[in-house]
Amino acid sequence: MPAITLPDGSVRAFDGPVTGTTIAASIGPGLAKAALAMQVDGALRDLSHEITGDAAVRFVTRKDPEALDLIRHDTAHVLAEAVQELFPGTQVTIGPSIENGFYYDFSRNQPFTTEDFAAIEAKMREIVARNAPFRRQEVSREDAIALFESKGERFKVELIRDLPASETISLYSQGDWVDLCRGPHMRGTGDIGTAFKLMKVAGAYWRGDHRNPVLSRIYGTAWRDQKELDAHLLQIEEAEKRDHRRIGREMNLFHLQEEATGSVFWHPKGWKLYRTVEDYMRRRLDDGEYQEVKTPQVLDRKLWERSGHWENYRKNMFMATVEDQDEAHRLLALKPMNCPCHVLIFNQGIRSYRELPLRMAEFGACHRYEPSGALHGIMRVRAFTQDDAHIFCEEHQIADEAVRFTALLSRIYKDLGFESFRVKFSDRPEQRAGDDGIWDRAEGALHEACLKAGVDYEMNPGEGAFYGPKLEFVLRDAIGRDWQCGTFQVDFVLPERLDAEYVAEDGSRKRPVMLHRAILGSFERFLGILIEQHAGRFPLWLAPVQVVVATIVDDAAPFAKEAAEALRKAGLRVDLDLRNEKINRKVPDHIAQRVPVLVVVGRREAEERKLVLRRLPGRDQVELPLAEAVATLSAEATPPDIRG
RNA sequence: GCCGGCAUAGCUCAGUGGUAGAGCAACUGAUUCGUAAUCAGUAGGUCCGCGGUUCAAAUCCGCGUGCCGGCACCA
């Protein structure tokens, strides 16, 4: 006699086992029509699921947040059916719902191309129109294996074999087509609607392991209705306009070319932006009581052997040799990171506990031979500069340093326009240096530090560095990709390997703990994200060109030059536009160049010695006497750390 | 690194085996103009590279390089 409690608190009793369909119908025809699935005691179920005991039930309709996941998952099934109908011999694997859509991985001799999309989409619409009900069937492991073996679906068989013994094995069919699936699903393929679209194809390794076969993955997007789909497609278009590669070209900030794959050619305006950020960072580090150093680019292999990098990362290091030396005995490597060099500085002379925590910072230029497929604009490159620092401290100082660090990072991110970011906690990886005791202490210290700093984080198991656990501070780019920028890593291993020590209060020699930390991560990556975050329209203090003084007629040129000079003297970055073009032309040009402030000078301004300031891309204008305009802009262009 | 796609003027792109094109940008000239693209003219190409097929290749084929989208990687 199940008693069903609904969200409004009302209770309905039924004579025997009852399905969601029956309950919904008992409540009313409107709900019976709208209900796609249900939540039973918090767990999402098919409407056809039979409830045998007392339960709390909530129905999921198209409006509910869960609906999108259901629609996307169901669409993935329909995609798989369509593909198998059109391309016999294709094996199915998995097809989950993901952010904004879904994908399905197929195994086929000939990978799919976007040329196949039209036919597949047409077939999908046909399947949706058939509105075949999704039917769930629970089967024994043996029956499931036999079924998929008979179909030649060896990936499905492998999945079933690897399911834990406790797992119920369920199949979902839509018409004649069957898939291994945990569910739940909506009532039938018709519930999907028509607001879906195939987006792209990609290769993907079976089970995400590069030693496994490559599958052909089809990505799609699916929404409640056409309006939502259109909005999503428009959003993608808008995001593409913020792409740093596009803006970098449009604003003439930098370029990349074949002769230096993975290295950035910074143009004058891009370099101005870079240096503005670097100068700002340097001031923040000075305030934070860091000591800046500069260390070598090219170092002997022996150092990398001692640090452990040779063993772990040799394949990703650039090597350098010179002709008059025996290569085997003197192989040099471009540094892939700065930490060993910093330990070498620490090791000069005898260190006292009184010097700790010692914060050693470097804008360190590093080279890493990244796999070709990883390169991405200026965000993933082979030559980059880190805002790197290593804090040598005693173990009990770790938490305080973490608190200081997160405060500094938050301040800096905020100044640069990032109000929010995600934090991931990456713990011990499979391949690592140091024994478990050390890792226990390092992870414990980092957890404690997070607690103390009030940092909310998500776990990222097994993703730590080989020498220690880390916090990763993640920012998102315009196209929705996440990038690790800041990092805070606890390291007990490297001080040991490179024999760093200090004299403790009791006169004994001790190992310092080393904290690796970066805030921007690499300038290249961070500037890429910064460009996308602001869509190239930087706040005044960051803009590479802050003001353009544009003339209307040649007669105004002398005063325009005088005004530009006055602005420059006040420290502003000013361009002069004396071109023989109409002002109607100059305005859109500078909007396109994302210049924050346009000063238009005609005869009237020249006579009255006034400046009219127009904040692009807006239309509003303020008219000020020259000196006042200079003072206003100069105050506004002051970096936030100096403004106080 | 793997799978797929792409590579034509500075940029965006057209050109499916038969004399390389457009718009914008550049340059020259005219115009001196009041807030979202003035007019006219000129110049600009190893059609990514190498090899092959063909009477003939930007176009078809092979190899290489780079870029793009994913996957894998990311100290």
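Here the structure is a predicted model, which means the values were calculated and not measured. So that the names make sense, note that chain A is the first sequence line, chain B the second, and so on, each numbered from 1.
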Which part of the nucleic acid, if any, lies within reach of [X] when heavy atoms closer than 4.0 Å are counted: base, sugar-phosphate only, or nothing?
| X | result |
| --- | --- |
| A/Asn316 | base |
| A/Thr261 | sugar-phosphate |
| A/Pro111 | sugar-phosphate |
| A/Lys200 | sugar-phosphate |

Ignoring hydrogens and angles, does a donor from either the side chain of [X] or the base of [N] sit under 3.5 Å from an acceptor on the other?
| X | N | result |
| --- | --- | --- |
| A/Tyr205 | B/G1 | yes |
| A/Arg380 | B/C73 | yes |
| A/Arg585 | B/U38 | no |
| A/Gln621 | B/G34 | no |

Would A/Arg517 and A/Phe488 count as a cation-pi pair here, with the cationic atom under 6.0 angstrom from the ring centre and within 45° of the axis?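 Here A/Arg517 fails the 6.0 Å and 45° test against A/Phe488.
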Between A/Tyr313 and A/Phe466 (judged by ring centroids, cut-off 6.0 Å), do the two rings come close enough to count as a pair?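 Close enough - the centres of the two rings lie under 6.0 Å apart.
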Among the nucleotides [options], which one has an atom lying closest to any side-chain atom of [X]?
| X | options | answer |
| --- | --- | --- |
| A/Asn584 | B/C73, B/U65, B/A36 | B/A36 |
| A/Arg619 | B/A36, B/C3, B/U65 | B/A36 |
| A/Asp554 | B/U35, B/U32, B/U38 | B/U32 |
| A/Ile552 | B/A36, B/A72, B/C33 | B/C33 |

Given [N], is OP1 or OP2 found less than 4.0 Å from the side-chain N or O atoms of [X]?
| X | N | result |
| --- | --- | --- |
| A/Arg249 | B/U12 | yes |
| A/Arg382 | B/C74 | no |
| A/Thr114 | B/G5 | no |
| A/Arg481 | B/G69 | yes |
| A/Lys315 | B/C73 | no |

Between [N] ([atom2]) and [X] ([atom1]): distance, integer Å:
| X | N | atom1 | atom2 | value |
| --- | --- | --- | --- | --- |
| A/Leu611 | B/U35 | CG | C1' | 15 Å |
| A/Tyr219 | B/C68 | OH | P | 17 Å |
| A/Arg314 | B/C73 | CZ | P | 20 Å |
| A/Tyr103 | B/C3 | OH | C1' | 15 Å |

With Watson-Crick and G-U wobble geometry limited to distances under 3.5 Å, how should the secondary structure of RNA chain B be encoded in dot-bracket form, using | for bases paired to another strand and [ ] for crossing pairs? (((((((..((((....[..)))).(((((.......))))).....(((((..]....))))))))))))....
One thing to verify: whether A/Glu370 and A/Arg382 come together as a salt bridge, which I'm taking to mean a side-chain N less than 4.0 angstrom from a carboxylate O.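 Here A/Arg382 does not pair with A/Glu370 in a salt bridge, since their nearest N and O are not under 4.0 Å apart.
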